[in-house]
Amino acid sequence: MKALVIEDTLTSATLVCHQLGKMGLEAVHARDGESGIEAFKRERPDLVLLDIIMPGLDGFEVAQRLRQLERDGEWTPILFLTARTSDEDLQRGIEVGGDDYLIKPVSEVVLKAKVRAMQRIAQMRYSLLVLTRKLDEANRELTRLSSADGLTGIANRRRFDETLLKEWRRCARDGRPLTLLLMDVDFFKPFNDNYGHQVGDECLKAVARTLAETLHRPSDMVARYGGEEFAAILPDTDQTGARAVAEALREAVQGLAITHRFSAVSRVVTLSLGLACEYPARGDDNGFVRLLKSADAALYEAKKNGRNRVEV
Ligand code: GH3
Ligand code: MG
Ligand code: MG
Ligand code: MG
Ligand code: MG
């Protein structure tokens, strides 16, 4: 703990510094307001003892300036230590930012008790700060958990729904196209039935990771839409661009080369994709439902036309 003593009278300063030293505090002395402010910036003390009558800046002005120097969330206890005894001075001292007001000469016992009181408040304040930080962190973690899919770690349906509406509106506002992809693993039921649910889960994790890694733009998002179905939102992407992305996703999943002896279309796990692209209209907040239906219909076509393919 470090205390800054801003006091122009040397005998008084020496005495107080000595007393603080006995309490286990490291005392730094400044002999006027200006150098007190400089010392505050340099030393970042845990406590300030501040005289009022000094050449140059008086203690009231110094207190105000010190409060302005505190960084966000910081608080340094300021105790006036002065020969001025009027109620008005005490009142003003508290108003300009002082936390306590002691009248000289102050006994060692009183000084010690007052410093202890300030230390206790500072400690409580610090504990509260730590708690607030932990709460913030826990809150962020909760938000993350409530929007992530438990198995794959990518966005869940809830987050997908939120994002789709948000991106729909954004693209409407900016006059940009929005693409939606619905994707479904081919013959996943026989995969599960033959290799077991655990292997099925591992396969879904690998597919999710690959989809996420293959999408490049920060605004792209992929979600687990349901069991073995995934959905991707591609903002600012027209049909031509989206077709290329969909094709890349299809190839990336095939490229995983996860053996699937029970697929009727391939020897490895594959993906069928349905693509829908629109230029959202302003005010058409329900238009994304049409987009979903359209992507779903395209996915159905992809299944019907042989799977492991993209349909629009
Ligand atoms: P299609 O090519 O027509 O899509 O055939 P499919 O067998 O994939 O279609 P279907 O929808 O009948 O099968 C989906 C299967 O996905 C059913 C279930 O066994 C499996 N499944 C769904 N969710 C999970 C999951 O979380 N983990 C695992 N291991 N399997 C899942
Ligand atoms: Mg003085
Ligand atoms: Mg399915
Ligand atoms: Mg199906
Ligand atoms: Mg399927």
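Atoms within each ligand, like the ligands themselves, are counted from 1 in listed order.
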Specify whether F262 and H260 have parallel, tilted or perpendicular ring planes, treating 30° as the upper limit for parallel and 60° as the lower limit for perpendicular.
-> tilted
Output the list of atoms in ligand 1 that are nearer than 4.0 Å to some heavy atom of G200, sorted by atom number.
-> 29 (N)
Output the atom name for the N/O/S atom of E228 with the smallest distance to the Mg ion (ligand 3).
-> OE2
One should read off an interatomic distance between I53 CD1 and T9 OG1, to the nearest 0.5 angstrom, of 8.5 Å
Just distances here: any N/O of F187 and N/O of ligand 1 closer than 3.5 Å?
-> yes
Which heavy-atom pair separates D32 from P55 by the least distance, and what is that distance?
-> CB-O, 4.2 Å
Shortest-distance N, O or S atom of D184 relative to the Mg ion (ligand 3) = OD2
Heteroatoms of the protein, restricted to N/O/S, which lie under 2.8 Å from the Mg ion (ligand 2) | D8 OD1, D51 OD2, I53 O
Which part of Q198 is near ligand 1, with near meaning a heavy atom under 4.0 Å away: side chain, backbone, both or neither?
-> neither
One finds that the ligand 1 atoms under 4.0 Å from a non-hydrogen atom of V185 are 2 (O), 4 (O), 8 (O)
Got a donor-acceptor contact below 3.5 angstrom from the S147 side chain to the R144 backbone?
-> yes
Does the pair K303/D186 count as a salt bridge with the N-to-O cut at 4.0 Å?
-> yes
Mind checking whether N192 contacts ligand 1 via backbone (N, CA, C, O), side chain (CB onward), both or neither, at a 4.0 Å heavy-atom cut-off?
-> side chain
Distance-only polar pair, side chains of D184 and S272, donor-acceptor under 3.5 Å = no
Any donor and acceptor pair, going by atom type alone, linking the side chain of R158 with main-chain N or O of S146 inside 3.5 Å?
-> yes
Salt bridge or not for E43 and K2, using N-O below 4.0 Å?
-> yes
Residue selection (non-hydrogen contact nearest atom 26 (O) of ligand 1) among K205, H197, R224 = R224
Lys/Arg cation over aromatic Y279: R176, 6.0 Å, 45° cone | no
For G227, atoms of ligand 1 separated by under 4.0 Å from a heavy atom = 22 (C), 23 (N)
P190 N/O under 3.5 Å from ligand 1 N/O | no
Who pairs with H29 by ring-ring contact (aromatic ring centres under 6.0 Å, His included), at least two apart in sequence or on another chain?
-> none
Flag the pair K134 and E137 as a salt bridge only when some basic side-chain nitrogen lies within less than 4.0 angstrom of an acidic carboxylate oxygen.
-> no
Ligand 1 to L204 polar contact by distance, N or O atoms, under 3.5 Å | no
Quick one: does ligand 1 sit under 4.0 Å from the side chain of E202, the backbone, both or neither, non-hydrogen atoms only?
-> neither
Given side chain to side chain donor-acceptor pair (under 3.5 Å), test N308 with R250 step by step and report yes or no.
-> CA-CA 7 Å; N308 188 23; R250 189 194 62 73; 2.9 Å; yes
